[in-house]
Every structure is written in structure tokens, then in C-alpha cells.
**Student:** 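Below are the C-alpha cells for one structure; questions will follow.
Just so it is clear, the model here is predicted, and its values are computed rather than measured. Side chains included, hydrogens not; waters and symmetry mates left out as well; all remaining heavy atoms used. First the proteins, then the strands, lettered A, B, ... as listed; each starts at 1.
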2 protein chains.
Amino acid sequence: MPYTFSEENYLKAIFHLQEKEGTVSTNALALHLSTRPSSITDMMKKLSAKNLLVYKPYYGFSLTSEGKKIALTVIRRHRLWEYFLSEKLGFGWDEVHQVAEELEHISNKKLVDKLDAYLGFPQFDPHGDPIPDSRGKFAHVEHLPLTELAINQQAIITSVVNQSAELLEALNEKKIAIGTQVEVKKRSGFDLSLQARIRNRNLTLTEQIAKNIYVKKI
Amino acid sequence: MPYTFSEENYLKAIFHLQEKEGTVSTNALALHLSTRPSSITDMMKKLSAKNLLVYKPYYGFSLTSEGKKIALTVIRRHRLWEYFLSEKLGFGWDEVHQVAEELEHISNKKLVDKLDAYLGFPQFDPHGDPIPDSRGKFAHVEHLPLTELAINQQAIITSVVNQSAELLEALNEKKIAIGTQVEVKKRSGFDLSLQARIRNRNLTLTEQIAKNIYVKKI
DNA sequence: TTAAAAATTTAGACGAATCTAAATAATTGT
DNA sequence: ACAATTATTTAGATTCGTCTAAATTTTTAA
């Protein structure tokens with residue numbers, strides 16, 4: 001019942017990749033975790049022996065429901081701490097991810113649930129990602145990448161799906177945050193960059209930036 | 001510059017034993033840390049190689065100023081988190097120690113300093129122990145064990161120097177807390193237990209309990 | 001359809017932190 | 001002062017998580 005930091009990190013990473021890419025390969029996971037593929041194989045054996053994932057050599061792996069459950073509790077802790085850091089301690093949204101990477105491994109359930117209550121049971125972390133509740137359930141917001149928003153359609157930014165400090169700083173500079181209203185005025189056929197109207201000003205957003213921004217039509 | 005959880009735990013334990021007993025032996029440290037003496041020897045070699053303590057085989061060891069500095073930052077983190085858990089999350093004082101044992105190893109300095117500011121730079125943790133500031137300095141309260149308080153001398157409880165949940169629960173039952181006013185009415189010559197007047201009621205305190213309670217005369 | 005490339009796994013090693021059992025040093029009591 | 005006891009250290013092993021290099025399997029492309 002107690003899992004190591006490493007095990008938790010692997011489970012969390014697999015969960016995220018499974019969500020985003022649908023499938024999880026040894027190489028992709030190694031890249032994501034900055035380890036070597038052979039380390040992945042080693043850990044897959046360990047986790048499958050513990051029935052946290054199903055692993056067939058050369059054929060990939062996928063979390064069992066127990067594995068998913070653990071991944072979700074780690075993600076819950078991570079996002080609750082991010083919210084705490086941002087809301088209570090005044091950290092910037094570009095800083096919280098890094099610190100939460102450490103805090104997320106403190107597994108005391110009472111701590112996490114009391115923190116949740118103290119924060120007022122927040123539903124979303126500072127990047128707009130949903131925070132699972134103590135049963136692992138979380139709010140689902142239908143949202144689409146800014147790259148797919150129709151021209152002249154009003155929308156608000158619901159989340160940014162990339163925790164890199166570089167991206168978040170770039171967005172800070174442009175005064176783009178969760179909840180900011182946005183409208184796409186034009187999309188370039190050449191480089192896929194787009195002209196957006198934000199806070200009554202016209203901005204150019206490169207495709208690389210836009211595809212990390214998710215919005216909800218209003 | 002980054003120390004492992006283990007290294008931090010050893011340094012902290014040595015610091016505490018050095019304070020309390022003056023001297024630190026391999027066996028005492030092993031007992032304190034619930035490890036085997038041979039593990040202590042191993043770690044002493046490692047820490048002295050890093051210049052965190054001076055170690056001479058068979059002659060004991062003592063922290064260098066760098067070792068003390070690190071121990072104090074760990075203690076600072078521990079007590080700040082204890083204060084947070086008690087003050088903000090509503091944990092009982094008999095529960096905070098355990099949880100803080102995990103939180104204390106998160107070493108991000110900005111986190112700790114922001115937490116400190118958020119809490120209003122508290123000077124004492126829930127057990128009355130002083131919290132070192134970011135430079136390692138802490139308030140010093142002259143206090144004495146309740147076992148040495150003069151008869152009929154009014155005093156207030158300043159700290160409890162034993163984090164065991166059992167002791168703290170016993171004190172909870174008797175409604176004894178930091179800040180509680182106390183007066184010793186009688187001391188038994190037979191078992192060293194004492195009759196104390198607390199909150200206008202007479203209580204019997206065993207020597208085992210009394211020696212863990214520190215007070216300040218008023 | 002098969003040879004080259006890419007992905008994955010295996011084999012063997014290493015550092016960290018611990019342990020047990022044996023050896024050695026220090027202390028104590030007579 | 002020295003034998004017995006106690007404290008400490010050494011030797012050697014184990015588990016965890018990682019690595020490199022080599023082997024193997026799968027995929028791809030000519």
C-alpha cells in the first residue's frame with residue numbers, strides 16, 4: 001500500500017500519456033521521465049508484479065484500475081498543492097508545477113483531505129486542470145485547442161496543457177491566463193500562427209503556443 | 001548541496017541528541033533512529049566525507065558548522081509545517097509531528113520562506129519549540145522542567161519535549177496545553193509525582209509526565 | 001520479402017541505504 | 001590488571017532504482 005516516489009512517478013506519467021496519446025510506448029515514457037528505456041522495462045516488470053499495470057513484453061502496457069486509482073491520487077495531491085502554492089503562498093503559475101512535484105509524494109490521506117477542505121474543495125488547479133476529488137472523480141469541461149476555435153467565436157481560456165516554465169512565462173508576458181477571454185480573428189495558412197483579440201488588443205500567437213491553450217466557447 | 005532524506009534525518013537526530021545529552025554515541029543514535037549501529041557507522045563515514053561532521057572511529061562524532069546549519073534548516077521546515085498543520089489545517093498537536101516528518105524534507109527554500117511569511121513568522125511550534133528563522137536563529141526562552149518548579153510558584157507551560165502521541169494524548173485528556181497556567185502544590189518524596197493546580201483543579205502528574213513539561217515562571 | 005532501422009529487452013554493473021554476523025576496541029568490576 | 005562485558009566497526013549481503021552495452025524483436029522501406 002505504500003508506493004515509492006519512483007513508482008508514483010511512473011504511474012502518473014503513464015496515466016498522462018495514456019490520456020494524451022492513447023497509447024504508451026517504452027520510448028515515449030522514457031522520454032517523458034528522462035530515463036533510459038531499459039529503466040522503463042525494469043519498472044514495468046515491478047509494477048505488473050504488483051498488479052498496477054498489465055505488461056506484455058514488446059506489446060506495451062496499460063494501467064489496471066488499481067494503477068489508475070493510484071495515479072489519480074498522485075494527480076490529486078499534485079494539483080491541490082499547486083492550488084495551495086498559487087492561492088495561499090503567492091507562487092506564480094509558472095513556478096507551482098516544480099514545487100508540487102515534490103509535495104505530491106506525501107501520501108498521508110488525512111493531510112490531503114484536510115488540505116482540500118482548507119482550500120475550499122477547488123475544482124481546478126492554476127493551469128485549469130481538474131482536481132480529482134477524494135474518490136478520484138473530477139469535473140470534465142468540454143474544451144478545444146485554440147488552434148481549432150472558429151474565427152470570430154468568443155471563448156475563454158480554460159487550461160494550458162504544458163507546465164513548462166518557458167511557455168507559462170511567455171503567456172504571462174502576453175497577459176494570457178486561465179479565464180482570459182479570447183477570439184481568433186485570422187489564421188495564417190502559411191505557418192498556422194493566428195491573430196487573436198485578447199483584452200482589446202491584437203496579438204500574434206504561434207501555432208506552438210496556440211496548441212497548448214484550451215478554450216471553452218461562450 | 002542537495003541532501004538525501006536519510007542524510008537530513010541523521011543530521012537532525014545528531015543535532016537533537018547533542019542538544020539534549022551533550023554527547024552522541026553510535027548506540028544512542030541508532031536507538032533514536034531505529035536503525036542498527038552498523039548503519040550509523042556507515043553514514044558517519046559518508047557525512048564526514050562531506051564535511052558535515054567530524055568523525056573519529058571509536059571516539060564519537062560532532063557536527064561541523066555546516067552540519068549544524070543543515071540540521072537547523074530541517075528543524076525549521078519541520079516546525080513550520082507543524083505550525084501550518086495545527087494552525088491552518090486543524091490537526092491536533094499529537095498528530096503534527098508524524099506528518100511533518102515527511103514534509104520537512106522538501107527543501108525548496110522559496111517554499112519554506114513563503115510558508116513562513118504566510119504563517120506570520122511564528123516563533124514557536126505547537127509543542128512550544130522555537131522555530132529557527134531563515135538564518136537559523138531562534139528565540140531562546142529560559143524554562144525549566146516542571147519537576148524543578150518551586151512549590152507554589154506560578155508558571156505557564158512553554159513546551160513539551162516529547163512528541164510521542166501517547167504523551168500528548170494524555171495531556172489532552174488532562175486539558176494541559178502550551179500556555180496553560182500551572183502551580184505545583186506538593187511533590188511526593190516517594191514516587192516523585194506531583195500535585196498540580198491547573199485550571200482551578202488539582203491534578204496528579206507522574207514524574208514521567210512532569211519531566212517532559214517545561215515551564216516559565218510568572 | 002527481406003535487409004536495414006528502430007524499438008525493446010536482457011545482462012551485468014553501480015551507488016545508496018540498510019541489514020546480519022563476525023571481529024575488534026574500549027570500558028568496567030573485581 | 002585483566003577478564004568479562006559493552007560499544008563500535010568491518011565484512012559481506014540485499015533491495016531499489018538506475019545505467020551502459022549487447023542481444024533480440026518488431027517495423028519499415030527498398
**Student:** Using the heavy-atom set of chain A and a strict 4.0 Å cut-off, write down the first and last nucleotide of DNA chain C that makes it in, 5' to 3'.
**Tutor:**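 It runs C/dA7 to C/dT10.
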
**Student:** If the threshold is 4.0 Å, N to carboxylate O, is there a salt bridge linking A/Arg76 and A/Asp133?
**Tutor:**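 No.
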
**Student:** Please classify the nucleic acid contact of A/Thr41 as base, sugar-phosphate, or nothing, using heavy-atom distances under 4.0 Å.
**Tutor:**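 Base, at least one base heavy atom under 4.0 Å.
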
**Student:** Side-chain polar contacts of residues 121-131 of chain A - donor-acceptor pairs under 3.5 angstrom, sequence neighbours left out - could you list them?
**Tutor:**
residue	atom	partner	partner atom	Å
A/Asp125	OD1	A/His127	N	2.7
A/Asp125	OD1	A/Gly128	N	3.0
A/Asp125	OD1	A/Asp129	N	3.0
A/His127	ND1	A/Glu82	OE1	3.2
A/His127	ND1	A/Gln163	OE1	2.9
A/His127	NE2	A/Trp93	O	2.9

**Student:** So, is B/Asn27 close to the D/dT8 phosphate, meaning a side-chain N or O under 4.0 Å from OP1 or OP2?
**Tutor:**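 Indeed, a polar side-chain atom of B/Asn27 lies that close.
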
**Student:** Can we call the ring centroids of A/Phe5 and B/Phe5 under 6.0 Å apart?
**Tutor:**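 Yes - the distance between ring centres of A/Phe5 and B/Phe5 falls below the 6.0 Å cut-off.
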
**Student:** Heavy atoms, side chains only, cut-off 4.5 Å: are B/Glu95 and B/Leu85 in contact?
**Tutor:**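 Not touching, per the 4.5 Å side-chain cut-off.
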
**Student:** List the steps and the verdict of ring-ring contact (aromatic ring centres under 6.0 Å, His included) for B/His97 and B/His78.
**Tutor:** CA-CA 8 Å; B/His97 179 74; B/His78 182 98; 4.8 Å; yes

**Student:** Mind checking B/Tyr55 for me? I need base, sugar-phosphate or nothing, with any heavy atom below 4.0 Å counting as a touch.
**Tutor:**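 Answer is sugar-phosphate: B/Tyr55 comes under 4.0 Å of backbone atoms only.
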
**Student:** Indicate for each nucleotide in nucleotides 13-18 of chain D, in 5' to 3' sequence, whether protein heavy atoms under 4.0 Å reach the base (B), only the sugar-phosphate (S), or nothing (-).
**Tutor:** ---SSB

**Student:** For the ring pair B/Phe84 and A/Phe84, is the centre-to-centre distance below 6.0 Å?
**Tutor:**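 Ring-ring flag for B/Phe84/A/Phe84: true, centres closer than 6.0 Å.
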
**Student:** In terms of heavy-atom contacts, does NZ of A/Lys216 have more than 12 from other residues, nucleotides or ligands at under 6.0 Å?
**Tutor:**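 No, the 6.0 Å shell around NZ holds no more than 12 heavy atoms from other groups.
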
**Student:** Can B/Lys56 be said to sit on top of B/Phe61's aromatic six-ring, NZ or CZ under 6.0 Å from centre and within 45° of the ring axis?
**Tutor:**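 Verdict for B/Phe61: no cation-pi partner in B/Lys56.
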
